[in-house]
A.B. asks: 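The structure's right below; bear with me while I get my questions together.
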Amino acid sequence: MLLDLIQRPRRTRRSDALRRMVRETVLRAEDLIWPLFIHSEADDMAIDSMPGVSRQGRESLLRSCEQAMMLGIPAVALFPCIPAALKDDSGTHAFDAGNLLYSSVAEVKRRFPGLLVITDVALDPYTSHGHDGLLAEGGGSVDNDPTVEALCRLAVLEADAGADLVAPSDMMDGRVVAIRRALDAAGHHDTAILSYAAKFCSAYYGPFRDAVGSKIGKDAISKATYQMDPANAREAVREVLLDVEEGADIVMVKPAGPYLDVIRAVREAVQVPVAAYQVSGEFSQIHAAARLGWLDYERTRDESLLGIKRAGADVILTYFAPEVAAALR
Ligand code: PBG
């Protein structure tokens, strides 16, 4: 029996050549940003909840940067792991111009001037309580305005060290414009702001907090008074529009996979490039399921990234960056 069909969408799926020809979304190495964890020890230290990812020492960091260059990955994002002994309530170590982050940025830029270096602007690597800013009287919540002032100093120190893009990841109100003014006042007119504009209060950050030690003991802290409610998409667009108005050069949605609708809405609302952060938990869950034999590792990995790009992300921060870039060659 033959159906009387004019439309047969399967016609363009018949062969690999046809499928390649009509493919709408293609992932490129240039779309990827590689997040790297650094520490001040010489040897790498594995992160149990993130297979294949380590806190890296100096030599290993430089090797990864060289690898990024070879693979066509345009940027790395550096996350410092600071020893507990150097942390305090107000994150004082963040303002030491010779600290691990600043010296690493300077060295990477010296060795690989063509590689873009991105740094988080937030206090959580340096605070003993693990929050992104300064706590208000009585603890509990982060005090917005004094935190913004601290973030401005941080951003300027990062730009001084050579960061190409600074990435406020704290979700304080008004920080983008304050950072823009502080950078300009310090002569850093060309340092771009990649704002974590719609950053949700997500359980998917768990492995990252293991990696940088931003937990109080073994307890998870709640960042719900500054990071966004996972239920809110309209509010995400509002946050993004504010950041664009305040001078953000690139806006980010984070996490990525569970927020594809937000990425799409943001893509349609702004003209600046949109980044999405496939966070630690998204990475770890694919590894975990693959280890159990429940998912095909490479296909799931690639599909997760394709979905993020198809949703509207121009740039994706992902721990899969080096292996995906290598596979794309
Ligand atoms: C800190 C920061 C976090 C991530 C990036 N920067 C975690 C947090 O807000 O607690 C998460 C990244 C990841 O989970 O991969 N400001």
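Remember, it's 1-based here, ligands and their atoms both numbered in the order they're listed. Since we're looking at a predicted model, the values are computed, not measured.
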A.B. asks: Do Y226 side-chain atoms and D132 backbone N/O form a donor-acceptor pair below 3.5 Å?
C.D. replies: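 Looks like yes, one N/O pair under 3.5 Å.
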
A.B. asks: Is D314 reaching over with its side chain to a backbone N or O of V274, donor-acceptor style, under 3.5 angstrom?
C.D. replies: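 Pair found, side chain donor or acceptor close to backbone of V274.
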
A.B. asks: Using the six-membered ring of Y205, assess whether NZ or CZ of K223 lies under 6.0 Å from its centre and within 45 degrees of the ring axis.
C.D. replies: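 Relative to the ring axis of Y205, which defines the angle, K223 lies outside at least one limit.
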
A.B. asks: Kindly say whether D89 contributes a backbone atom to a donor-acceptor pair with the side chain of S128 at under 3.5 angstrom?
C.D. replies: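 Side chain of S128 to backbone of D89: a pair is present.
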
A.B. asks: Between the side chains of D243 and R175, is the shortest nitrogen-to-carboxylate-oxygen separation below 4.0 Å, so that they form an ion pair?
C.D. replies: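 A salt bridge links R175 with D243.
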
A.B. asks: With hydrogens left out, which residues have an atom under 4.0 Å from ligand 1, given that only heavy atoms count?
C.D. replies: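 For ligand 1, the residues that come within the 4.0 Å heavy-atom cutoff are F79, D120, A122, D124, D132, S169, Y196, K199, Y204, Y205, F208, R209, K223, Q227, K254, Y277, V279, S280, Y319.
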
A.B. asks: Flag the pair V251 / V244 as yes when at least one side-chain heavy-atom distance between them is below 4.5 Å, and no otherwise.
C.D. replies: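 V251 vs V244: side chains touch.
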
